[in-house]
Structures are given as C-alpha cells and as structure tokens.
Amino acid sequence: EAGSKDDTRMWQPSVDKSGNGTAVIRFLPAPAVDGDDALPWVRVFSHGFQGPGGWFIDNCLTTLNEKCPVCEHNNTLWNSGIEANKDIARKQKRKLSYIANILVVSDPSNPQNEGQIKLFKFGKKIFDKITEAMNPEFADETPVNPFDMWEGANFKLKIRNVEGYRNYDKSEFSEPSQLMDGDDEKLEALWKKEYSLKEFTEKSQFKPHAQLKARLDKVLGFEGDSAEVSAPTQTRVTEAPKTLLPAASKASVTAEDDDLDYFKSLAEEN
C-alpha cells in the first residue's frame, strides 16, 4: 500500500535509544510527472485508535471531501455535550499528515540514504515551519520557498523525546542555497526522478464508506442492534450529523485551507 511502512520509497529519520536524532533534508518541488498545476505536497487525513474489538487504522474519506463514518461518529459524541464523549472523540479524531518529495542530504544513522530521492511523511509541526519560512512573521525576515531548487534551503531535523513523543520544535531551515551548485541539467534530471504524489489521494487508496462503517462498528464493539458498548457513553451512530466536524475543529480546517490557497498562489506566480 502506498505510504505504508513497507513502501520502500518512504523515508523517516532514525532516533537513538533515548529518542534523539538528527538529519538534513531538502524539500523538492512538485514532481514533473504530476503536471504544471501540482503542489509540492499532498495532504492526507487518517484515523488510528484501539477499541474493544481491535484497532481501526485507515485513511479518512474527508481527504477526498467525502463523508467519513468515524468523523460522523465523533461528531455525534462531541455534540452530545458530555465531557467523557468529547474525550473519546479526541482519541478517535482524524490525524493530519503531509507527503512530499525530499532529497536526503545527511542521514547519520543510515548513510546509504544520502543523495537519494525519498517520500517524506510529516505532520503539522513541520508543515508550520515550512509556512513560516514562506511567510515570515517579522518584516526584516526574507521569505524563502523551501521547495525551490535554486533559492530554497536545507531543513535540519532535530528530534527529541518529549513525554514519550517525537518532538521537532528545534528543527530549522539553514540559509538559502542552491542544490547541486545550480546545475540546471542535474536539477532537471533530479526533478524528473521525483515520485508522483497524486496516487496518495486516488480513490483506490480509500475504502468505501460502508466498509469503513462495518470496521468501525466491529472495533467499537457494536453487535446486532445493541447500542450499548463497553464504554457506556459511546453509542451507535444511526444517522449522519448535520455537520461533519465539531465546531472546535473548523478553525484549524480553515487555516489548513488558507495554507493550500497560499501554495496555489505561489505556484501560479512561478
């Protein structure tokens, strides 16, 4: 499956026993194979949580702007007004990931990756650093497009273990620099070797609503017509709520859409 742990195109930085690690990567522009109007990244939502009936790990249909049974169920829990239900919804909420082509500049733990084009899956924390580089907060800071081969910048990944989770707060961009000394022929060859990103949002990567709903019911322990489960506050969703997401999530979605518009405008300028 595209993007799975068995996908050899995917790269992730390694960490030591204490959970610390470093690497240097360079984000690459939209791949040649995806066409002139493509963005240099794709955005994918997914769910991953455990219930009485096992694990639910799957892509979320909201990636395709379609209704997702997990989001529908979470919305019902959230709108119940019961705090315990809200806690359940938080644990089952969709996770946001981005996927982009990168050039591995330095990978101390796996030096065989250096110089290779890979796909990198990352979260909102790193994406925020990208948008901050492109749209700096202070007037004396020069905007940098990290995806530009000539005027972009290497990204120094600095990973720490904070309360059991990988933390990327210390990661930062270097000063702008040219890839391969700005050699147009080498850069064009590199560009043409990039992997397509469109496959990650193709319909084939997403299970249909009915199949996801059946899996969700099994994971949550719903059997037959019973609405009671081991978690007494969690009940079966019998109909789709009027809104797909809880009100608290709408602001973040709007912010993500603003980022999308920003990148589209940048692509048009170039």
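Relative orientation of the H73 and F222 rings is perpendicular, given thresholds of 30° and 60° on the angle between their planes.
For residues 176-197, no residue pair satisfies the ring pair (Phe, Tyr, Trp, His ring centres under 6.0 Å) rule, not counting sequence neighbours. Every pair passing ring pair (Phe, Tyr, Trp, His ring centres under 6.0 Å) that includes a residue from residues 103-126 is listed here, sequence neighbours excluded: W11-F120, F27-F122, Y98-F122, F120-F122. Under the salt bridge (charged side-chain N to carboxylate O under 4.0 Å, His left out) criterion, no residue pair touches residues 175-186, with sequence neighbours excluded.
For the pair E141 (side chain) and P136 (backbone), a donor-acceptor distance under 3.5 Å is absent. Looking only at distances, no side-chain donor or acceptor of D34 sits under 3.5 Å from a matching main-chain atom of A38. Checked by atom type and distance alone, the side chain of N74 pairs as donor or acceptor with a backbone atom of Q92 at under 3.5 Å. Using modelled atom types, one side-chain atom of Q116 and one backbone atom of Q112 make a donor-acceptor pair closer than 3.5 Å. T63 places a side-chain N or O within 3.5 Å of a backbone atom of F45 that can act as its donor or acceptor partner. The backbone N or O of G21 sits nowhere less than 3.5 Å from a side-chain atom of R160 that would complete a donor-acceptor pair. In this structure, K129 contributes its side chain and D169 its backbone to a donor-acceptor pair below 3.5 Å. Counting only distance, with no hydrogens or angles, the side chain of N75 and the backbone of C71 share no donor-acceptor pair below 3.5 Å. The backbone N or O of Q205 lies less than 3.5 Å from a partner atom in the side chain of N59, making a donor-acceptor pair.
If you check the side chains of S97 and R43, you find no donor sitting under 3.5 Å from an acceptor. Between the side chains of S14 and N110, a donor-acceptor pair is found at a separation under 3.5 Å. In the model, S46 has no side-chain atom that pairs as donor or acceptor with a side-chain atom of R94 under 3.5 Å.
E202 and K198 are not joined by a salt bridge, as no carboxylate oxygen comes within less than 4.0 angstrom of a charged side-chain nitrogen. In this structure, E72 does not pair ionically with K67, as no charged nitrogen and carboxylate oxygen lie closer than 4.0 Å. Salt bridge status for R9 with E199: present, with a side-chain N to carboxylate O gap under 4.0 Å. Salt-bridge formation is not detected for the pair D87/K91: no Lys NZ or Arg NE/NH1/NH2 atom is positioned less than 4.0 Å from an Asp or Glu carboxylate oxygen. For D58 and K207, the salt-bridge test passes: some basic side-chain N is under 4.0 Å from an acidic carboxylate O.
Using a 4.5 Å heavy-atom threshold, the side chains of N101 and I117 count as touching. When side chains are defined from C-beta on, R215 does not count as touching P69, because their heavy atoms never get closer than 4.5 Å.
For K86, the NZ atom counts as densely surrounded, since its 6.0 Å shell holds more than 12 non-hydrogen atoms of other residues, nucleotides or ligands. Around atom NZ of K118, more than 12 heavy atoms belonging to other residues, nucleotides or ligands sit under 6.0 Å away. Within 6.0 Å of CD on Q12 lie more than 12 heavy atoms contributed by other residues, nucleotides or ligands.
A continuous path of ILVMFWY side-chain contacts below 4.5 Å connects M180 to W150, so both sit in one hydrophobic cluster. I159 and F127 fall within the same hydrophobic cluster, where Ile, Leu, Val, Met, Phe, Trp and Tyr residues are linked whenever their side-chain heavy atoms come under 4.5 Å apart, directly or through other members. Residues V24 and V104 are members of separate hydrophobic clusters, defined by side-chain heavy-atom contacts under 4.5 angstrom among Ile, Leu, Val, Met, Phe, Trp and Tyr. V15 and V105 fall into different hydrophobic clusters, where Ile, Leu, Val, Met, Phe, Trp and Tyr are joined by side-chain heavy atoms under 4.5 Å apart, directly or via other members. L39 and V33 are not part of a single hydrophobic cluster, where members link through side-chain heavy atoms under 4.5 Å apart.
A pairwise comparison of heavy atoms in C60 and T62 identifies SG-OG1, 2.9 Å as the closest pair. Heavy-atom minimum distance, M134 versus P146: CG-CD, 3.4 Å.
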*Give the C-alpha distance, both sets of side-chain angles, the deciding distance and a yes or no for salt bridge (Lys or Arg N to Asp or Glu O under 4.0 Å) between E83 and R90.*
CA-CA 11 Å; E83 198 58 38; R90 290 186 185 101; 3.6 Å; yes
*Full working for side chain to side chain contact (heavy atoms under 4.5 Å, CB included) between L28 and L190*: CA-CA 9 Å; L28 298 176; L190 184 71; 4.1 Å; yes
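Put simply, NZ on K203 and CG on L64 are 6.0 Å apart, with the number rounded to the nearest 0.5 Å.
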